[in-house]
Amino acid sequence: MKVSIDRKLCYGSFDCVHRVPSVFTRADEYGDVLPGREDTGDDPQVQEAADWCPSQAIIITE
Ligand code: SF4
């Protein structure tokens, strides 16, 4: 499963970066998915980060 961040929703709390630094990173004032880590959407830690994102900006798709 794929993970991405919707920049229209993200406001840069960086909760995701603190939770899963192996997948998420900072890109200016936004969260971002590290290059090559876009296929980690089935990782429970990534799914937890999506659940806890305060703006529901982390998108997990098939
Ligand atoms: S937790 Fe959500 S709002 Fe915060 S940086 Fe990550 S994607 Fe953006």
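All values derive from a computational prediction rather than experimental measurement. In each ligand, atom 1 is the first atom listed, and ligand 1 is the first ligand listed.
Looking at Ser55 against ligand 1, only its side chain comes within 4.0 Å, counting heavy atoms. Residue contacts with ligand 1, taken as heavy atom pairs separated by less than 4.0 Å, involve Ile58 solely via side-chain atoms from C-beta onward.
Not a single N/O/S atom of Cys16, whether from backbone or side chain, sits less than 2.8 Å from atom 2 (Fe) of ligand 1.
For atom 8 (Fe) of ligand 1, the closest non-hydrogen atom on the protein side is Cys10 SG, 2.4 Å. Here the heavy atom of the protein found nearest to atom 2 (Fe) of ligand 1 is Cys53 SG, 2.3 Å. Among all non-hydrogen protein atoms, the one lying nearest atom 4 (Fe) of ligand 1 is Ser13 OG, 2.2 Å. The protein heavy atom nearest to atom 5 (S) of ligand 1 is Phe14 N, 3.1 Å.
Residue-ligand proximity, Tyr11 to ligand 1, at heavy-atom distances under 4.0 Å covers atoms 3 (S).
Glu38 contributes a side-chain N or O that, together with a main-chain N or O of Gly36, makes up a donor-acceptor pair within less than 3.5 Å.
By the criterion of side-chain heavy atoms lying less than 4.5 angstrom apart, applied directly or through intervening Ile, Leu, Val, Met, Phe, Trp or Tyr residues, Ile60 is not grouped with Leu34; the two fall into different hydrophobic clusters. In terms of hydrophobic clustering, with Ile, Leu, Val, Met, Phe, Trp and Tyr side chains grouped at heavy-atom distances under 4.5 Å, Met1 and Val23 are assigned to a common cluster.
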*side chain to side chain contact (heavy atoms under 4.5 Å, CB included) assessment of Gln47 paired with Val3*: CA-CA 9 Å; Gln47 293 177 353; Val3 60; over 6 Å; no

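Judged by the 6.0 Å distance and 45° axis criteria, Arg19 is not positioned over the aromatic ring of Phe24.
A side-chain contact (heavy atoms from CB on, under 4.5 Å) with Thr40 holds for exactly one of Val33, Val46, Val20; it is Val46.
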